[in-house]
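What follows is a single structure, written as C-alpha cells, with notes after it.
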Amino acid sequence: MKKFLGVLALILGFAFQSNAQGAIRFKSEKHDFGKIKEGTQASYAFEFTNTGKTPVVISNVQPSCGCTTPEWSREPIMPGKTGKVTALYNSAGRPGNFNKTITVVNNGEVSQIILTIQGSVIPK
C-alpha cells in the first residue's frame, strides 16, 4: 500500500508540475497600418506579458513573406514580465493592400501564436 501511495503521489506531482507553464498574452494580435506611402519602412511592436508561472522563451518568429522582418525579445521572459515582437514591413515596390502574418514559436502553453499586420500601400 505504501508503494502504491508513493507512486500515486509521484504521478500527481508530475501532473501538477506539467500544468505550471508560461503563457504569452499579447495586448493585441493584429495591427492596421492604414495607408502608407510606397517605400516606407512601417514598424509596429506587439507587446506581450508572461502571465504564466514559468519563464517563456521565444525560439523563432517566422514572417509569411520576405517583405516583413521580425525582431523579438530573445532572453527568457520571466513570469509577470513583458517583451515584444516587432514587425518591420518594407513597402518598396509593393503598392496595394497587404495582409501578412508573423508566427511566434515559444515554449508557453500556446506554442504558436499568429500575429497579423495589414494596410494599404499608396503608389509613388
Side-chain angles (χ1 to χ4, degrees):
M1 185 67 172
K2 278 186 178 181
K3 235 182 194 180
F4 173 75
L5 290 176
V7 171
L8 182 61
L10 188 61
I11 291 171
L12 288 175
F14 281 122
F16 286 118
Q17 180 71 16
S18 66
N19 286 336
Q21 283 188 338
I24 292 178
R25 297 288 180 250
F26 281 90
K27 287 184 179 179
S28 172
E29 294 182 10
K30 188 174 187 177
H31 178 71
D32 187 345
F33 286 108
K35 294 181 180 181
I36 59 175
K37 293 180 182 178
E38 185 177 352
T40 299
Q41 299 286 324
S43 178
Y44 182 75
F46 291 93
E47 296 179 6
F48 65 86
T49 302
N50 178 354
T51 60
K53 298 186 186 318
T54 61
V56 172
V57 176
I58 296 176
S59 57
N60 192 25
V61 176
Q62 185 65 47
S64 60
C65 75
C67 59
T68 305
T69 305
E71 294 178 4
W72 65 94
S73 303
R74 297 188 185 258
E75 68 282 344
I77 308 301
M78 302 308 285
K81 299 298 180 184
T82 61
K84 63 182 176 179
V85 174
T86 302
L88 179 68
Y89 179 73
N90 182 0
S91 66
R94 296 182 176 87
N97 296 331
F98 66 92
N99 188 354
K100 306 296 178 187
T101 61
I102 301 102
T103 303
V104 180
V105 180
N106 67 89
N107 67 333
E109 66 183 29
V110 178
S111 63
Q112 290 189 10
I113 299 169
I114 298 177
L115 306 175
T116 304
I117 57 172
Q118 65 183 35
S120 181
V121 178
I122 302 167
K124 287 183 180 180

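Hydrogens, waters and symmetry mates are skipped; everything else that's a heavy atom, side chains included, is used. When a residue number appears, it is its place in the shown sequence, counting from 1.
- A distance of 11.0 Å separates NZ in Lys84 from CD1 in Ile77, rounded to the nearest 0.5 Å.
- Atom OG1 in Thr86 sits 9.0 Å away from atom CD in Glu47 (nearest 0.5 Å).
- Ile36 and Ala42 get closest at one heavy-atom pair: CD1-CB, 4.0 Å.
- Residues Lys100 and Pro63 are not in side-chain contact: their nearest non-hydrogen atoms beyond the backbone lie 4.5 Å or more apart.
- If you take OG1 on Thr101 and CD1 on Ile113, they are separated by 13.5 Å, rounding to the nearest 0.5 Å.
- Taken together through direct or relayed side-chain contacts under 4.5 Å among Ile, Leu, Val, Met, Phe, Trp and Tyr, Leu115 and Leu88 form parts of separate hydrophobic clusters.
- In this structure, the separation between CD on Gln62 and OG1 on Thr68 is 10.5 Å, given to the nearest 0.5 Å.
- Ion pairing of Arg25 with Glu109 is present here, as a side-chain N (NZ or NE/NH1/NH2) and a carboxylate O approach within less than 4.0 Å.
- Aromatic ring orientation, Tyr44 versus His31: parallel (interplanar angle below 30°, classes split at 30° and 60°).
- Asn107 and Pro55 get closest at one heavy-atom pair: ND2-O, 3.7 Å.
- At a threshold of 4.5 Å between non-hydrogen side-chain atoms, the residues Asn106 and Trp72 do not count as touching.
- For the pair Ile102 and Ile117, the minimum side-chain heavy-atom distance is below 4.5 Å.
- The aromatic ring centres of Phe98 and Tyr89 sit less than 6.0 Å apart.
- With hydrogens and angles ignored, the 3.5 Å screen pairs a side-chain donor or acceptor of Ser91 with a backbone N or O of Gly39.
- Contact annotation: the side chain of Asn97 never approaches that of Gln118 to less than 4.5 Å [non-hydrogen atoms, C-beta and beyond].
- The OG atom of Ser73 sits 13.0 Å away from the NZ atom of Lys81 when rounded to the nearest 0.5 Å.
- Within the 4.5 Å cutoff, the side chain of Glu38 has heavy atoms near those of the Val121 side chain.
- The hydrophobic clustering, which links ILVMFWY residues whose side-chain heavy atoms are closer than 4.5 Å, places Val110 and Ile58 together.
- No single ILVMFWY cluster, assembled from side-chain heavy atoms under 4.5 Å apart, contains both Val57 and Phe26.
- Proximity of Val104 to Phe46: side-chain heavy atoms (C-beta onward) are nowhere separated by under 4.5 Å.
- Exactly one residue among Thr82, Val56, Ile24 makes a side chain to side chain contact (heavy atoms under 4.5 Å, CB included) with Phe48. That residue is Ile24.
- Nearest heavy-atom pair, Gln21 versus Thr54, reported as atom, atom and distance to 0.1 Å: C-OG1, 3.2 Å.
- Remark: the backbone N or O of Lys30 is not paired with any side-chain donor or acceptor of Thr116 at under 3.5 angstrom.
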